[in-house]
Amino acid sequence: GVWRQTKALLFKNCLIKCRTKKSSVQEVLFPLFFLFWLILMSMMHPHRKYDEVASTNLGTLDTSVLVNFVIGYTPPTRMAREIMKKVAFDNFEDGLITEEYLSEEELQEASAFKPSNFVGVVFNDDMSYQLRFPDLVAMSSTYMESR
C-alpha cells in the first residue's frame, strides 16, 4: 500500500542523490554560499543610527526664494485648510499661494503644469501628511541609506 510506495520513492530519491553527487553538493553549498555573502554584505554596510541633534536657532528664513511659490494640498478638509492658512500667512509676510485639490490625481496634474515652483501636500489624516515634489527638485543624498 501507501507505506510500500513511500519507501520505494524514498529509496529512489536516495539512489538519485548518490548517483548525482555534484548536484547534491551544489544544493547544499549554494544556499550556504549566498547566506555567507549576505552576511558579508550586511557587515560591509552596517545600519547607521543617527544621534539626536540639539535644538539650535537656525536664524530667519530667506523668503526671497519663495516668491510666487505654490503649495497645493488635498483633500480639502477643514483641518487641512486651517493648517495651510497658518503655513501661508502666519509664517511668511507676503503669504504663499495655496491651492486646494479634490484628489491626489488633480494635484499631480497641476504639478505637471507648473513644476518649477509647485509643492504638493497630501494629508493622510489630521496629524500626518506626505510631500510631493516635482521631479526637477534635487533629492538630498544625506540620508540615502535610511530612505
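Using a 4.5 Å heavy-atom threshold, the side chains of Ile39 and Phe34 count as separate. Taking 4.5 Å as the limit, some side-chain heavy atom of Met84 sits within range of a side-chain heavy atom of Ile71. Phe123 is listed as a side-chain neighbour of Pro75, based on a closest heavy-atom distance under 4.5 Å. Side-chain contact between Thr98 and Lys85: absent, with no pair of heavy atoms (C-beta onward) separated by less than 4.5 Å.
Using a distance-only test at 3.5 Å, with no hydrogens or angles considered, a donor-acceptor pair links the side chain of Thr77 to the main chain of Ala80.
In this structure, Glu82 does not pair ionically with Lys86, as no charged nitrogen and carboxylate oxygen lie closer than 4.0 Å.
Residues Pro76 and Arg81 come closest through the heavy atom pair O-NH2, 3.1 Å. When every heavy atom of Leu107 is checked against every heavy atom of Phe118, the shortest pair comes out as CD1-CZ, 3.7 Å. Thr20 approaches Ile16 most closely through the heavy-atom pair OG1-O, 2.6 Å. In terms of heavy atoms, Glu100 sits closest to Tyr73 at OE1-OH, 2.9 Å.
Distance check: Phe36 CZ to Leu38 CG gives 11.0 Å after rounding to the nearest 0.5 Å. Distance CG/Leu40 to CE/Met43: 6.5 Å, rounded to 0.5 Å. Separation of atoms CD (Gln108) and OG (Ser103) is listed at 8.5 Å; rounding is to 0.5 Å. The CG atom of Leu15 sits 4.0 Å away from the CZ atom of Phe11 when rounded to the nearest 0.5 Å.
No single ILVMFWY cluster, assembled from side-chain heavy atoms under 4.5 Å apart, contains both Val28 and Trp37.
Applying the side chain to side chain contact (heavy atoms under 4.5 Å, CB included) test between Arg132 and each of Val122, Thr74, Val119, Val121 identifies Val122 as the sole match. Between Thr6 and the choices Leu10, Val2, Leu9, the side chain to side chain contact (heavy atoms under 4.5 Å, CB included) rule is met once, by Val2.
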